[in-house]
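Nothing here was measured: the structure is a model prediction, and the numbers come from that model. Per chain, numbering begins at 1; letters A, B, ... match sequence-line order.
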Amino acid sequence: MVKLSIPQGTRDFGPDVVRKRNYIFATIRQSFERFGFQPLETPAMENTSTLLGKYGEEGDKLIFKIINNGPNILGQAQMAKDSRELGLLLCEKSLKYDLTIPFARYVVMNHGKLQLPFRRYQMQPVWRGDKPQRGRYREFYQCDADVVGSNSLLNEIELLQIYDTVFNNLGLGNYRMKINNRKILTGLAELVGRPDLMLDITIAIDKLDKIGDSGVREELAQRGLAATEIGLVMEFISLEGSNESKLERLSQLFTNSPTGLKGVEELLFIIGSGLTAFSSPPEIDLTLARGLNYYTGMIVEIKAPAHVNMGSIGGGGRYDDLTGLFGLPGISGVGISFGVDRIYDVLEELQLFPETAQQGSQVIFFHPGAEKLAEVFGYVTRLRSRGINTEIYPDDIKQDKQFKYAEKRGIPYIGYLEENAPGKISFRNMLGKQRYSLSPEEMDAFEF
RNA sequence: GUGGUUGUAGCUCAGUUGGUUAGAGCAUCAGAUUGUGGUUCUGAGGGUCGGGGGUUCGAGACCCCUCAAUCACCCCA
């Protein structure tokens with residue numbers, strides 16, 4: 001046999017895995033539709049120029065580029081002035097890195113036709129050239145819901161509600177939802193007196209739960225903050241208490257920062273609207289930063305239940321000017337994303353997949369031998385037309401083998417004929433070990 | 001991209017300081033047996049020991065390179 005493999009960080013999904021994944025997709029899709037979002041799909045590849053520069057320097061490196069087909073790439077290569085240009089010339093297309101930028105591209109291309117506000121959801125694979133680890137793959141699915149063309153914070157509230165609905169429907173009611181606001185982080189940088197280092201500050205404090213108090217201090221120092229400035233940052237992120245008391249304290253700190261105050265005001269509305277109740281209420285986490293730098297307002301991140309070792313399983317936020325990157329300013333958007341592959345790993349670890357998500361055929365008939373085949377195949381067809389997933393063993397071999405096959409496949413009902421019961425169909429329930437002998441009419445009414 | 005650990009049959013793993021023809025359980029296949037067809041017994045097939053190179057009289061084991069998985073960074077879903 002030839003030694004076969006698949007590219008690093010990609011996976012095949014066997015039948016039972018596909019079923020369980022479909023269960024997650026269906027659960028998410030149902031909520032997206034329920035909240036009035038419309039489906040959208042975009043190509044696996046985008047023009048490289050559409051993607052480059054949208055995900056920061058690190059992100060650019062992780063984009064999978066596709067080398068041009070055609071005979072003339074050598075000639076194209078010679079026209080490049082530097083290596084960056086070489087990449088662009090040689091790889092006009094790239095695999096998409098997320099669903100948000102392609103969506104923004106779509107909105108710009110179609111803004112004349114779209115009814116704003118436009119609510120779309122999208123469930124497709126994306127590709128990143130990251131080094132694979134547990135919960136990190138090079139090909140994985142994202143499920144996004146975004147609203148563009150509306151500044152209302154009602155969108156934020158509904159999107160958080162979708163998170164709550166979906167995770168409850170998946171049996172993950174004890175997930176954790178953390179929210180923050182980019183404007184508050186801007187306010188912090190102003191408060192400290194280092195608005196120029198806002199990004200460095202957020203990257204450092206984002207690591208608090210990983211590297212601890214002293215680690216953050218160290219990192220802040222490395223990133224160029226003076227001791228007094230570090231003190232201010234640490235004081236800020238160590239604010240404790242309820243969401244309300246945190247916000248109250250922040251509004252005192254931000255008396256000289258209109259941006260910070262605006263962020264406080266937004267979060268106050270989102271958590272205090274009284275429009276909805278959450279099974280797992282959003283918790284304000286002042287260290288939450290999120291990587292993508294196009295966020296401008298609320299940001300949200302979903303973490304798996306505390307005892308599961310898994311990073312974030314979803315995230316999102318508001319971006320005021322994403323389409324501005326493509327020359328169409330003034331369209332604000334807000335969106336969320338579900339990380340299906342990680343959610344799968346969490347549900348698997350906690351054994352939260354329902355039986356119904358794993359069931360294939362409900363009934364299998366043994367091959368009865370050539371002379372009775374027509375009779376049994378008629379029963380098969382009858383069950384199928386009732387909407388019951390039914391199969392028949394295709395070869396006339398020893399029943400012993402067929403029995404083992406049915407058992408391994410986990411098919412709950414076996415149908416077969418018995419010599420001493422002409423005109424009847426025998427069924428065995430593999431789970432409860434019951435036996436039934438039914439006439440065709442009784443079979444039609446039987447609850448499999 | 002940086003560093004650590006691991007890689008032996010379809011699966012889970014043995015394999016002594018380097019020493020004959022690399023083993024076991026489960027699984028697969030065949031035959032027999034069986035009064036709840038799922039039991040039991042017998043037998044068989046299956047491994048260029050992740051791949052390549054090196055050291056050695058001799059490498060599954062030691063060295064180098066490479067691929068993959070995994071963990072910690074970086075970053076992220």
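- Computed from coordinates, the A:Ile397 CD1 to B:rG31 P distance equals 11 Å when rounded to whole Å.
- A:Ile63 places its CD1 atom 14 Å from the P atom of B:rA77, with the value rounded to the nearest Å.
- A:Thr165 meets the side chain to side chain contact (heavy atoms under 4.5 Å, CB included) test with A:Ser31, A:Phe35, A:Asn169; sequence neighbours excluded.
- When the side-chain nitrogen and oxygen atoms of A:Lys131 are compared with OP1 and OP2 of B:rC71, none of them lie within a distance under 4.0 Å.
- The interatomic distance linking A:Phe140 (CZ) with B:rC75 (P) rounds to 17 Å, in whole Å.
- Residue A:Gln8 has a polar side-chain atom (N or O) positioned under 4.0 Å from OP1 or OP2 of B:rA69.
- Within the 4.0 angstrom heavy-atom criterion, no nucleotide atom of any strand lies near A:Ile343.
- Looking at every heavy atom in both residues, A:Ser279 comes nearest to A:Asn168 through OG-ND2, 2.7 Å.
- Within 4.0 Å of A:Gly315, counting heavy atoms only, lies no atom of the nucleic acid at all.
- Judged by distance alone, with hydrogens and angles left aside, the side-chain atoms of A:Thr296 form a donor-acceptor pair with the main-chain N or O of A:Asp320 at under 3.5 Å.
- Using P as the reference atom, B:rU39 and B:rG45 are 24 Å apart when rounded to the nearest Å.
- Residues A:Asp146 and A:Tyr319 meet the side-chain proximity criterion, which asks for heavy atoms closer than 4.5 Å.
- Residue-level contact check: A:Ser337 touches neither bases nor backbone, having no heavy atom under 4.0 Å from any strand.
- Within 4.0 Å (heavy atoms only), A:Tyr141 reaches no atom of the nucleic acid at all.
- No side-chain heavy atom of A:Ile302 sits less than 4.5 Å from a side-chain heavy atom of A:Phe338.
- Judged by a 6.0 Å distance limit and a 45° cone about the ring axis, A:Arg21 is positioned over the six-membered ring of A:Phe13.
- Spacing between atom NZ of A:Lys210 and atom C1' of B:rA72 amounts to 9 Å, rounded to whole angstrom units.
- Aromatic ring centres of A:Phe37 and A:Tyr121 lie farther apart than the 6.0 Å criterion allows.
- Of the C1' atoms belonging to B:rU16 and B:rU5, the separation is 23 Å, rounded to the nearest Å.
- Taking 3.5 Å as the limit, the base of B:rC76 and the side chain of A:Arg128 contain no donor-acceptor pair of atoms between them.
- Consecutive pairing runs in RNA chain B reach the stem threshold at B:1-7 with B:67-73, B:10-13 with B:23-26, B:28-32 with B:40-44, B:50-54 with B:62-66, where a stem means at least three Watson-Crick or G-U wobble pairs with distances under 3.5 Å.
- Nucleotides B:rC74 and B:rU28, compared at atom P, are 47 Å apart to the nearest Å.
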How does protein contact run along nucleotides 34-40 of chain B, one letter per nucleotide 5' to 3', with B for base contact, S for sugar-phosphate only, - for none, heavy atoms under 4.0 Å? --SBB--
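- If you take CD of A:Glu139 and C1' of B:rC76, they are 17 Å apart, rounded to a whole angstrom.
- Taking the P atoms as reference points, B:rA22 lies 13 Å from B:rG46, given to the whole Å.
- With A:Tyr413 as the fixed residue, the ring-ring contact (aromatic ring centres under 6.0 Å, His included) test singles out one of A:Phe365, A:Phe366, A:Phe448: A:Phe448.
- Counting non-hydrogen atoms under 4.0 angstrom, A:Gly129 reaches nothing in the nucleic acid.
- Comparing the same atom, C1', in B:rU48 and in B:rA32 gives a spacing of 37 Å after rounding to whole Å.
- The side chain of A:Arg134 sits closest to B:rC71 out of B:rC71, B:rC75, B:rA69.
- Atom P of nucleotide B:rA77 and atom CG of A:Asp341 are separated by 13 Å, given to the nearest angstrom.
- If you take CD of A:Glu58 and C1' of B:rU2, they are 12 Å apart, rounded to a whole angstrom.
- Comparing the C1' positions of B:rC49 and B:rG23 gives an interatomic distance of 12 Å, to the nearest angstrom.
- Nucleotides B:rG47 and B:rG54, compared at atom P, are 25 Å apart to the nearest Å.
- Checked against a 6.0 Å centroid threshold, the rings of A:Tyr141 and A:Phe25 count as neighbours.
- For the P atom pair drawn from B:rA9 and B:rG51, the interatomic distance equals 10 Å after rounding to whole Å.
- Ring-plane geometry between A:Tyr405 and A:Tyr393 is classed as perpendicular, the angle between the planes exceeding 60 degrees on a 0 to 90 degree scale with a lower cut at 30.
- For the pair A:Arg182 and A:Tyr295, the cation-pi criterion (under 6.0 Å, within 45° of the ring axis) is not fulfilled.
- Residue A:Tyr55 contributes atom OH, which lies 13 Å from atom C1' of B:rA77 at whole-angstrom precision.
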